[in-house]
Amino acid sequence: MEETPVNIIQGTQKNSKGTLVFSSDHGGLEYKEYLKEIARDWGYNIIDCGTHSTLSVDYPDYIKPVVQEVLSGAKGVLICGSGLGMSIGANRFKGIRAALCCDQLLAKLAREHNDANILVLGERLIGKDQAVACLEAFLSASFLGGRHERRVEKLDKLAL
Ligand code: RB5
C-alpha cells in the first residue's frame with residue numbers, strides 16, 4: 001500500500017539555525033528519526049516529509065516534498081537503504097545538488113566545493129555515528145565560492 005507523504009513540522013525554535021527538511025523510505029526510517037532529533041537539539045527547525053512507518057514504500061514518492069522546501073531555502077536530508085535512489089531522484093530537479101556521502105570529508109567538500117543543498121545517506125551502508133558525523137560536517141561547512149562558484153553555475157545549467 002502506498003503511503004501519502006505528510007509533512008510534519010516539528011518545533012519552530014526562536015533563534016533557530018535554520019530549517020532542515022528530512023525524508024526517507026522504509027530503508028532510511030531509523031536514521032531519519034534519529035538524526036532529526038539530534039538536529040533539533042542542535043537548534044534546527046525540522047520538517048519531516050515521511051515516511052512515518054516501517055511499511056515498504058517507494059523512495060521516489062518522498063523526494064519532491066523535500067526538494068520544494070530546499071528550493072525555498074531549507075537544507076535537506078534524504079535517506080534510503082543505499083542512498084542511491086534518493087540521490088539519483090533528487091538530482092533530476094533544477095537547482096538541487098544532492099550529495100551522497102559516506103564520511104565527514106565528503107560531507108564537508110559537498111558544501112565547500114559543490115554548494116550541495118541536500119545531504120543523502122545510505123542507512124544500510126554506514127553506522128549511526130558516521131551518519132551523525134556526516135550531518136554535522138555538512139551543516140558546519142560553508143560554500144567557499146571563488147572558482148567553485150563558476151563550476152556550480154555550470155552544474156545548474158546542465159539541468160534540463
Ligand atoms: C529499498 O529496499 C531500497 O531499494 C532503497 O532504500 C534504496 O536503497 C534505493 O536506492
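Count residues from 1 along the sequence. Counting starts at 1 for both ligands and their atoms, following the listed order. The basis for the numbers below is simple: all heavy atoms, side chains too, and nothing from hydrogens, waters or symmetry mates.
Listed by atom number, the atoms of ligand 1 under 4.0 Å from Tyr59 heavy atoms are 9 (C), 10 (O). Atoms of ligand 1 found under 4.0 Å from any heavy atom of Arg124, numbered from 1 in the order shown, are 1 (C), 2 (O), 3 (C). Atoms of ligand 1 lying under 4.0 Å from at least one heavy atom of Gly81, given by number and element, are 5 (C), 6 (O), 7 (C), 8 (O). Heavy-atom proximity to Ser82, at under 4.0 Å, picks out these atoms of ligand 1: 7 (C), 8 (O), 9 (C), 10 (O).
Between Thr54 and Leu29, the closest side-chain pair of non-hydrogen atoms falls below 4.5 Å. Two residues are said to be in side-chain contact when any heavy atoms from C-beta on lie closer than 4.5 Å; Lys128 and Glu30 meet this criterion.
Within a 6.0 Å radius of CG in Asp129, other residues, nucleotides and ligands contribute 12 heavy atoms or fewer.
Geometrically, ligand 1 and Gly85 share a nitrogen or oxygen pair separated by less than 3.5 Å. Ligand 1 has no N or O atom lying under 3.5 Å from any N or O atom of Cys80, backbone or side chain. On a distance-only criterion, Asp25 and ligand 1 share at least one N/O pair closer than 3.5 Å.
There is a protein heavy atom less than 4.0 angstrom from atom 10 (O) of ligand 1.
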> Taking it one step at a time, do Leu158 and Asp156 satisfy side-chain contact (heavy atoms from CB on, under 4.5 Å)?
Replying inline: CA-CA 5 Å; Leu158 292 175; Asp156 283 343; over 6 Å; no

>> Using the rule given for side-chain contact (heavy atoms from CB on, under 4.5 Å), can you reason through His26 versus Tyr59, listing the C-alpha separation, both sets of side-chain angles and the distance that settles it, and then say yes or no?
In response: CA-CA 8 Å; His26 54 289; Tyr59 58 82; over 6 Å; no

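Of all non-hydrogen atoms in Leu71 and Lys94, the two that sit nearest each other are CD2-O, 3.8 Å.
Side chains of Asn45 and Ser16: a donor on one and an acceptor on the other come within 3.5 Å.
Within the 4.0 Å heavy-atom cutoff, His26 counts among the residues contacting ligand 1.
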